[in-house]
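Worksheet: one structure, shown below.
In this text the structure is predicted, and so the values were computed from the model without any measurement. Just so it is clear, the values below take in all heavy atoms, side chains as well, and ignore hydrogens, waters and symmetry mates. Order of the sequence lines fixes the chain letters, A, B, ..., with proteins taken first and strands second; residue numbering starts at 1 for each chain.
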Amino acid sequence: MENQNKEQEIYKSWESQGLFSANPNSDKEPYSLLMPPPNLTGDLHLGHAMQHSILDAVARYKRMQGFDVLLLPGVDHAGIQFEGTLDKILAKEDLSKQKLGREKWLERAWQFKDEVYKSFHDAWTVFGISADWEREVFTLEPKVQKAVLEEFQTFWDQDLLYKGAYIVQWCPRCGTAIEDIEMEYQERDDTLYYLQYGPLVLATTRPETKFGDTAMAVNPNDERYKDLVGKEFEIETFGGKKMMKVIADDAIDPEFGTGAEKVTPGHDILDYEIGKRHNLPILQVIDKQGRLTELAGKYAGMKTNEAREAMLPELKEKGILVKTEAYKHSVPVCERCKTVVEPIISEEWFVKMKPLAKKAIKNIDKINFYPSNYKKILVDWMENIHDWSISRSLWWGHRIPVWYCSKCNPNKEVGKDKDMVISLEDPGKNCQTCGQKHWIQDEQVLDTWFSSGLWPMSTLGWPNQTKELERYFPWSFELTSPEIKYLWIARMIMLSLWHKDSIPFRNMFFHGMLRPLSGAKFSKSLGNAVYPDELIKSWGTDATRMTLYTYSAPGRDSRTSKQLMDERAKNFRNFGNKIRNIAKFVVDHRPDPAGVIARSSATKQSNHKDDKWILEELNSTITAATKNIENFELHLATDTIYDFVWHKFADIYIEKSKSRRAEAQPTLEYILETSLKLLHPFMPFLTEELWQEKLGKKDSIMSTPWPDTKGK
RNA sequence: GGUCGCGUGGCUCAGCUGGUUAGAGCGUUCGAUUCACAUUCGAAAGGUCCCUGGUUCGAAUCCAGGCGCGACCACCA
């Protein structure tokens with residue numbers, strides 16, 4: 001606790017001296033680092049702690065090298081995730097979105113935002129993050145709104161934006177469309193039902209979608225069914241007979257089931273595509289709550305899985321169900337709430353991504369990736385890119401900046417000739433058709449990534465041509481967890497190139513993911529999470545940071561646990577203590593109390609073999625550590641410095657120096673001072689404390705030059 | 001199904017642009033304490049660097065195949 005208070009004092013003094021601030025007017029060379037904005041959903045976890053520690057080390061290193069460093073922090077509003085978190089909190093008070101209504105709910109949301117914000121800032125301060133807090137950005141603030149409007153307007157003007165009824169992945173629980181990349185898959189043991197459809201037997205896992213069938217499909221090359229293609233047959237449905245055609249489509253795999261499929265264009269992505277190719281009608285039998293519609297007759301109102309059970313007896317009785325078999329497959333669920341996703345037809349906004357992807361692929365070589373193979377991974381994805389569904393039926397986010405005339409365009413149709421206006425605020429002007437002002441805004445909000453994708457630009461004031469944008473863009477360094485390489489990194493690359501004709505960052509670093517020993521994921525609900533603040537409480541900030549750097553090899557996941565983290569952190573706590581003791585020995589136990597020897601001759605010409613040896617070791621440590629940091633291999637840099645300080649300087653040199661203390665004193669002091677500098681990016685608090693209290697320096701170690709081997 | 005990655009002492013990992021006795025932390029064993037430091041120091045045990053083959057004067061490191069594990073992606077109903 002005492003330590004933490006001291007650390008907070010040090011932190012405040014750094015801040016009050018303006019050491020974290022970037023200076024766009026400086027004549028130093030700029031170096032810019034962009035903090036990935038953590039999601040506004042609660043505590044910062046271990047991954048954030050590692051990520052921010054890496055950022056901070058690079059920032060401190062570059063400052064010492066004499067760069068004008070901008071480390072820009074921020075927070076993401078995180079639409080779906082935020083709403084999910086808030087909903088849970090509200091549920092405890094017996095409240096809900098519905099009960100509160102949009103206005104009250106938003107009030108509450110902003111209040112919650114402030115709470116989370118405070119906890120973020122506390123954590124950052126404890127960690128010693130040297131970010132320029134004056135420039136902090138929240139993704140819902142007006143500055144970002146302006147950027148989002150520009151993005152939207154540009155897409156519209158370029159004809160890349162469209163709205164329409166398409167099949168989307170719908171999460172009935174979140175009540176919104178989600179993207180492919182927001183889903184995950186779960187292995188399920190299910191049943192495969194074989195149903196009699198006229199002359200065909202079809203296999204399906206979802207008999208309840210029967211009511212939405214509009215055709216039967218087979219593969220065109222399937223000899224078994226060749227004669228049936230194009231013919232219509234009478235099918236037994238529960239409500240009566242219905243005529244249905246057999247069509248041929250390449251998408252059908254003759255090997256699966258019986259090689260024939262029932263086509264449900266309203267509730268299956270593949271069937272939707274088939275339906276489009278054959279002009280099949282679309283029937284909606286499942287609604288947005290995941291319940292069957294009137295088309296399902298007496299099964300209407302049931303949830304899909306209830307209906308599946310309920311209709312079995314009737315299927316059997318009518319002789320439709322031929323047989324069943326056990327079937328293992330993976331079903332798509334919502335990444336956030338794990339609810340089974342329903343493909344559903346819904347009115348959504350889309351961006352055509354092909355041209356953006358093309359430009360991004362062409363320019364991606366201008367970015368250095370760490371590890372380098374991520375370039376290929378991203379290119380592969382962009383080569384197969386789909387249009388981006390950007391609308392979400394949420395309240396927390398950038399509301400779609402489109403206004404419709406409720407009189408002339410009540411169905412909210414979209415097009416250059418329709419009565420609609422793109423604007424953040426109520427347009428205020430008269431509708432060109434009715435001459436009146438009955439504007440209503442689109443109800444939906446934009447996908448979180450629509451604004452996050454602009455992060456490198458919006459944080460610097462784009463679309464305004466600011467000094468900062470001119471100076472710090474493209475960013476020198478960006479990092480993230482590989483999890484969001486498509487959601488975020490690919491989008492930033494595409495959007496920056498498209499809207500600003502430039503890559504967003506020069507160096508893109510992917511750190512690994514910290515996983516529990518099982519290899520899955522850390523999760524609060526499973527209770528296997530390790531909390532950074534607990535580590536700090538036990539071992540101190542610097543030790544915790546050092547521990548995290550040992551896991552920071554680019555692109556490597558690591559398995560760990562509280563116990564393993566504790567072991568490593570304990571060792572680094574001991575290391576910190578070692579350094580304290582070195583300082584105590586070198587300074588407090590100085591042979592010449594006035595320090596005359598040490599101050600005067602700055603070690604340049606010592607001919608003793610021990611002095612020469614340790615200076616050589618120091619130089620090769622400086623060289624290696626510098627190279628390691630330049631390659632963003634912080635785990636190697638810390639390892640090298642650690643080994644030098646403890647096992648060469650302390651264990652060997654200091655021991656030997658005891659027999660010739662006075663002579664060795666200048667070297668002792670020089671090595672100590674240089675070691676503190678080398679360690680500062682990683683262990684900022686301890687090094688600052690000893691720098692001032694033991695070495696008696698007035699200025700912060702933050703602004704001292706990074707050691708080099710020149711002149712030695 | 002596709003792509004990517006991993007497999008190194010008891011545990012978690014580093015090393016892998018090929019080259020001296022393969023490293024670290026934790027754990028284990030033995031020894032040391034008026035010394036800046038027991039939050040320590042010295043020493044030791046413990047490794048077919050997954051397997052097979054290839055390239056090479058030389059491979060944990062490069063190549064091919066295999067086995068095992070994991071992640072990501074994918075519209076098999």
Side-chain angles (χ1 to χ4, degrees), chain A residues 167 169 180-181 183-185 190 192-195 202-207 209 213 216-217 251-264 267-274 327 329-330 332 343 371-374 376-381 384 386 482-486 512-515 517-521 539-540 543 546-547 550-553 555-561 563-590 631 633 635-636 638-640 642-643 646-647 650-651 654-655 657-658 661 668 672 694:
Chain A
I167 193 149
Q169 306 288 1
D180 297 350
I181 39 187
M183 307 190 308
E184 58 187 40
Y185 288 81
D190 256 325
L192 196 55
Y193 302 86
Y194 287 82
L195 307 180
L202 316 174
T204 180
T205 53
R206 307 198 57 190
T209 61
D213 296 345
M216 298 173 276
I252 304 300
D253 174 5
E255 303 295 320
F256 185 88
T258 58
E261 193 204 344
K262 64 190 206 56
V263 186
T264 322
H267 299 286
D268 185 283
I269 307 271
L270 176 65
D271 291 3
Y272 178 78
E273 296 294 328
I274 295 174
Y327 180 59
H329 66 152
S330 54
S372 56
N373 63 320
Y374 273 80
K376 182 182 179 305
I377 294 173
L378 289 174
V379 168
D380 285 352
W381 184 74
N384 297 303
H386 299 294
E483 261 187 315
I484 50 175
K485 53 185 179 290
Y486 305 132
M513 282 183 67
L514 291 170
R515 302 175 177 284
L517 297 175
S518 67
K521 273 186 185 176
W539 314 110
M546 286 296 273
T547 304
T550 67
Y551 288 105
S552 72
R556 290 282 185 107
D557 289 1
S558 303
R559 295 175 180 213
T560 190
S561 65
Q563 192 196 333
L564 286 165
M565 297 291 288
D566 274 336
E567 282 170 6
R568 288 197 188 195
K570 179 180 168 192
N571 179 246
F572 285 114
R573 192 266 325 253
N574 294 355
F575 178 56
N577 185 61
K578 190 61 158 177
I579 298 165
R580 261 176 221 285
N581 276 304
I582 292 173
K584 193 164 130 196
F585 174 79
V586 172
V587 177
D588 297 352
H589 295 251
R590 199 177 267 142
N631 293 333
E633 293 171 312
H635 62 300
L636 298 183
T638 49
D639 191 61
T640 308
Y642 169 93
D643 183 64
W646 198 328
H647 301 303
D651 289 352
I654 288 183
E655 284 311 314
S657 78
K658 287 175 183 169
R661 181 61 200 270
L668 283 168
L672 171 62
K694 294 295 179 195

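For A:N571 and B:rC26, the shortest distance from a side-chain N or O to OP1 or OP2 is below 4.0 Å. Listed pair A:W381 / B:rC72 fails the phosphate criterion, with no side-chain N or O lying under 4.0 Å from OP1 or OP2.
Rounded to the nearest Å, the gap between the C1' atom of B:rU8 and that of B:rC51 is 15 Å. Between the P atoms of B:rG10 and B:rU28, the separation comes to 15 Å (whole Å). B:rC41 sits 27 Å from B:rG47 when the C1' atoms are compared, rounded to a whole Å. Rounded to a whole angstrom, the distance from the P atom of B:rU39 to that of B:rA44 is 24 Å.
At the heavy-atom level, A:D651 lies under 4.0 Å from the strands shown only through sugar-phosphate atoms. Looking at heavy-atom distances under 4.0 Å, A:A650 makes contact with a base. At a threshold of 4.0 angstrom between heavy atoms, the contacts of A:K376 are confined to the sugar-phosphate backbone, with no base atom among them. When heavy atoms are screened at a 4.0 angstrom cut-off, A:K584 is found touching the sugar-phosphate backbone but no base atom. Note on A:I654: a base of the nucleic acid sits closer than 4.0 angstrom, heavy atoms only. No contact: A:T560 has no heavy atom under 4.0 Å from any strand. If you check every strand for non-hydrogen atoms under 4.0 Å, A:R515 touches sugar and phosphate atoms only. Residue contacts for A:N373: at a heavy-atom cut-off of 4.0 Å it reaches the sugar-phosphate backbone alone, with no base atom in range. No engagement by A:W539 is indicated, since no non-hydrogen atom pair under 4.0 Å with the nucleic acid exists. Within 4.0 Å of A:K485, counting heavy atoms only, lie sugar-phosphate atoms of the nucleic acid but no base atom.
Between the P atom of B:rA14 and the CZ atom of A:R568 lies a distance of 8 Å, rounded to the nearest Å. For the pair A:Y642 OH and B:rG23 C1', the interatomic distance rounds to 12 Å; values are reported in whole Å. In this structure, A:M513 places its CE atom 14 Å from P of B:rC13, rounding to the nearest Å.
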Using the rule given for salt bridge (charged side-chain N to carboxylate O under 4.0 Å, His left out), can you reason through A:D268 versus A:R206, listing the C-alpha separation, both sets of side-chain angles and the distance that settles it, and then say yes or no?
CA-CA 10 Å; A:D268 185 283; A:R206 307 198 57 190; over 6 Å; no
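Of the candidate nucleotides B:rA36, B:rG25, B:rA77, B:rA36 has the atom lying nearest to any side-chain atom of A:F585.
In this structure, B:rA24 and B:rU12 make a Watson-Crick or G-U wobble pair, each of the two defining distances being under 3.5 angstrom. Across all strands shown, B:rG19 pairs with B:rC57; the Watson-Crick or G-U wobble distances both stay below 3.5 Å. With both pairing distances under 3.5 Å, B:rC75 is matched to nothing as a Watson-Crick or G-U wobble pair. B:rG31: Watson-Crick or G-U partner is B:rC41, with both key distances under 3.5 Å. B:rG70 is paired with B:rC4 under the criterion used here, namely a Watson-Crick or G-U wobble arrangement in which both key atom distances are under 3.5 Å.
Checked by atom type, the side-chain pair A:R568/A:T550 shows a donor-acceptor distance below 3.5 Å. Residues A:D557 and A:Y551 bring no donor and acceptor atom of their side chains to less than 3.5 Å of each other. A side-chain donor from one of A:H647 and A:D651 sits under 3.5 Å from a side-chain acceptor of the other.
Taking the six-membered ring for Trp and thresholds of 30 and 60 degrees, A:W646 and A:F575 have nearly parallel ring planes, at less than 30 degrees apart.
In the interface, the side chain of A:E655 is paired with the base of B:rA36 through a donor and an acceptor atom under 3.5 Å apart.
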